[in-house]
Number of protein chains: 2
Amino acid sequence: MRDEVDGLVEAWRTERPDLDVEPLQVLSRVSRLARHLDRARRTVFTEHGLEPWEFDVLAELRRSGPPYEMSPGRLLRATLVTSGTMTNRIDRLAAADLVRRRPDPADKRGVLVRLSDEGQKRVDAALAALLEYEESILGGMRRADRERLSFLLRSLLSPLDESATHPGS
Amino acid sequence: MRDEVDGLVEAWRTERPDLDVEPLQVLSRVSRLARHLDRARRTVFTEHGLEPWEFDVLAELRRSGPPYEMSPGRLLRATLVTSGTMTNRIDRLAAADLVRRRPDPADKRGVLVRLSDEGQKRVDAALAALLEYEESILGGMRRADRERLSFLLRSLLSPLDESATHPGS
DNA sequence: GGCGACTCTCTTGATATCAAGAGATATGCT
DNA sequence: AGCATATCTCTTGATATCAAGAGAGTCGCC
């Protein structure tokens with residue numbers, strides 16, 4: 001079994017024998033795997049009439065539970081985009097009738113974004129398709145290995161999530 | 001130990017109890033970790049006067065070994081960008097004197113792109129800084145766990161690399 | 001109660017990317 | 001040899017994103 005990263009590491013070891021490139025064995029694989037997943041997700045979502053960014057926003061609303069309604073501000077913080085980007089996204093989602101905007105009765109500065117019935121249908125279908133695809137990627141991996149992998153990845157991710165969530169350092 | 005993905009999975013389990021969202025435990029962590037790594041890489045490279053895309057191109061040349069020279073076509077295939085993007089990148093790298101363009105003596109259609117001395121200095125320094133950062137991320141992880149993680153990630157990545165490298169399916 | 005600082009959404013201008021195609025040279029088949 | 005096809009780099013037009021800031025409304029402190 002061999003992948004692109006084995007070649008990458010080998011090339012660096014030849015060109016930079018003075019450096020310890022061992023961390024690439026783990027972290028380059030994470031990056032490359034994520035790139036493949038992005039491409040595949042785009043394909044899966046396209047089959048369900050959604051762009052990846054559309055899924056991101058709709059899924060955030062869907063996960064929040066009934067009444068599937070949030071402020072743009074909360075949405076942009078959850079999806080890590082800027083306010084200009086979120087305005088643009090909501091405009092296009094509303095034009096496609098996947099969400100609806102209404103004034104926030106409690107704060108006249110604000111609006112609320114609510115998932116439409118069609119939006120919920122689409123995001124529910126897209127999630128099912130995504131999981132089906134992801135299951136096929138994980139394919140033969142045994143349950144014990146999946147859990148081991150989740151555990152190890154969590155140990156890397158958890159400190160990073162901490163520092164991103166509490167940016168006060 | 002808890003991360004954002006634990007919350008994500010919990011929310012989906014509440015809202016979609018009919019679906020098995022277990023694959024997210026592995027693959028959402030891969031995606032989120034990659035996003036953190038991208039941000040951090042940007043920071044590290046900026047400290048060395050390079051954009052991430054500049055590092056990608058310069059590193060590709062550096063890894064190819066002396067004389068650190070490749071065609072734009074080979075570069076764009078290695079970095080997975082389109083030809084228009086690569087032309088733009090080479091323009092800017094040449095303007096910054098990190099690479100030089102010259103006509104290919106063997107093929108009058110083509111040009112060759114060669115790493116300049118300054119380009120090599122920059123990419124060498126940036127790689128060292130990147131590895132230092134990556135080592136700090138891996139921090140306390142034991143060698144045996146790193147190897148286990150590499151092995152499991154390779155088993156996921158290898159089939160995907162195959163299908164991307166040989167697109168004839 | 002009134003004023004200043006803060007928060008929220010949306011707008012503007014600039015940038016990097018991609019998809020599609022143009023123009024020039026090379027290659028192979030008859 | 002000659003012509004069609006393939007290959008290579010670069011150009012064009014459209015799009016999504018971000019950074020910075022504008023305008024409207026809210027909240028707290030004096």
Side-chain angles (χ1 to χ4, degrees), chain A residues 34-35 38-43 45-46 49-58 60-61 69-96 98-114 164 167-168, chain B residues 34-35 38-43 45-46 49-58 60-61 69-96 98-114 164 167-168:
Chain A
R35 210 180 307 166
D38 276 349
R39 272 197 327 123
R41 249 199 298 255
R42 172 173 297 276
T43 304
F45 290 152
T46 297
L50 288 178
E51 301 284 328
W53 63 262
E54 291 179 306
F55 180 83
D56 285 346
V57 176
L58 299 181
E60 193 61 41
L61 289 167
E69 190 169 58
M70 298 172 58
S71 73
R74 210 177 130 200
L75 275 173
L76 70 88
R77 279 185 291 276
T79 56
L80 301 176
V81 300
T82 62
S83 64
T85 298
M86 187 51 69
T87 296
N88 185 14
R89 288 182 174 187
I90 295 169
D91 285 349
R92 286 177 285 161
L93 287 170
L98 300 177
V99 303
R100 290 199 177 77
R101 250 195 272 240
R102 68 172 180 122
D104 185 340
D107 185 339
K108 288 214 193 79
R109 293 170 303 181
V111 301
L112 292 173
V113 179
R114 180 189 285 228
Chain B
R35 208 179 309 164
D38 276 349
R39 272 198 324 123
R41 249 198 299 255
R42 173 173 296 275
T43 304
F45 290 154
T46 297
L50 288 178
E51 300 283 326
W53 64 262
E54 291 179 306
F55 180 82
D56 284 347
V57 176
L58 298 181
E60 194 61 40
L61 289 166
E69 190 169 57
M70 298 172 58
S71 73
R74 210 176 131 202
L75 274 174
L76 70 90
R77 280 186 290 277
T79 56
L80 301 175
V81 299
T82 62
S83 64
T85 298
M86 187 51 70
T87 297
N88 185 14
R89 288 183 175 187
I90 295 169
D91 286 348
R92 286 177 283 160
L93 286 170
L98 300 177
V99 304
R100 292 200 176 74
R101 249 195 273 240
R102 68 172 180 122
D104 185 341
D107 185 339
K108 288 212 194 81
R109 293 170 303 179
V111 301
L112 292 174
V113 179
R114 181 190 284 228

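A, B, ... follow the sequence lines: proteins, then strands. Residue 1 opens every chain.
- Base engagement by A:G84 is indicated by at least one non-hydrogen atom pair under 4.0 Å involving a base atom.
- Map B:A106 and B:T85 each onto its nearest nucleotide of DNA chain C; the residue landing nearer the 5' end is B:T85.
- Computed from coordinates, the B:D107 CG to D:dT7 P distance equals 12 Å when rounded to whole Å.
- Each of C:dT9, C:dT17, D:dG25 was ranked by its minimum atom distance to the side chain of A:T87; first place goes to C:dT9.
- At least one side-chain nitrogen or oxygen of B:R101 sits closer than 4.0 Å to the OP1 or OP2 atom of D:dC10.
- Note: CG (A:L75) to P (C:dC10) measures 11 Å, nearest angstrom.
- To the nearest 0.5 Å, atoms CG (A:L75) and CG (A:L80) are separated by 12.0 Å.
- Following rounding to the nearest Å, A:D104 (CG) and C:dT9 (P) show an atom-to-atom distance of 9 Å.
- Between the side chain of A:R109 and the base of C:dT9, no donor-acceptor pair under 3.5 Å is found.
- With C:dT11, D:dA16, D:dT9 as the candidates, the nucleotide lying closest to the side chain of A:N88 is D:dA16.
- In this structure, A:R77 CZ and A:M86 CE are separated by 10.5 Å, a value rounded to the nearest 0.5 Å.
- Residue B:R42 contributes atom CZ, which lies 15 Å from atom P of D:dT17 at whole-angstrom precision.
- In terms of position on DNA chain D, the residue among B:G110 and A:K108 whose nearest nucleotide sits closer to the 5' end is B:G110.
- Regarding B:D38, its CG atom lies at a distance of 13 Å from the P atom of C:dT17, rounded to whole Å.
- Minimum atom distance to the side chain of A:T82 is reached by D:dA19, of the listed D:dT9, D:dA19, C:dC10.
- Salt bridge annotation for B:R102-B:E69: present, with a cationic side-chain nitrogen under 4.0 angstrom from a carboxylate oxygen.
- Remark: P of D:dT15 and CZ of A:R89 are 17 Å apart, rounded to the nearest angstrom.
- The shortest distance between the side-chain N/O atoms of A:R92 and the OP1/OP2 oxygens of D:dT17 is below 4.0 Å.
- Separating the CH2 atom of A:W53 from the P atom of D:dT15 is a distance of 13 Å, rounded to the nearest angstrom.
- The side chain of B:V111 has D:dT9 as its nearest neighbour among D:dT9, C:dT9, C:dC18.
- Residue B:R74 qualifies as open at atom CZ: its count of foreign heavy atoms under 6.0 Å is 12 or below.
- Between the C1' atom of D:dC8 and the CG atom of B:L112 lies a distance of 12 Å, rounded to the nearest Å.
- A donor-acceptor contact under 3.5 Å is formed by the side chain of B:S83 with the base of D:dC10.
- Other residues, nucleotides and ligands contribute only 12 or fewer heavy atoms inside 6.0 Å of the CZ atom of B:R42.
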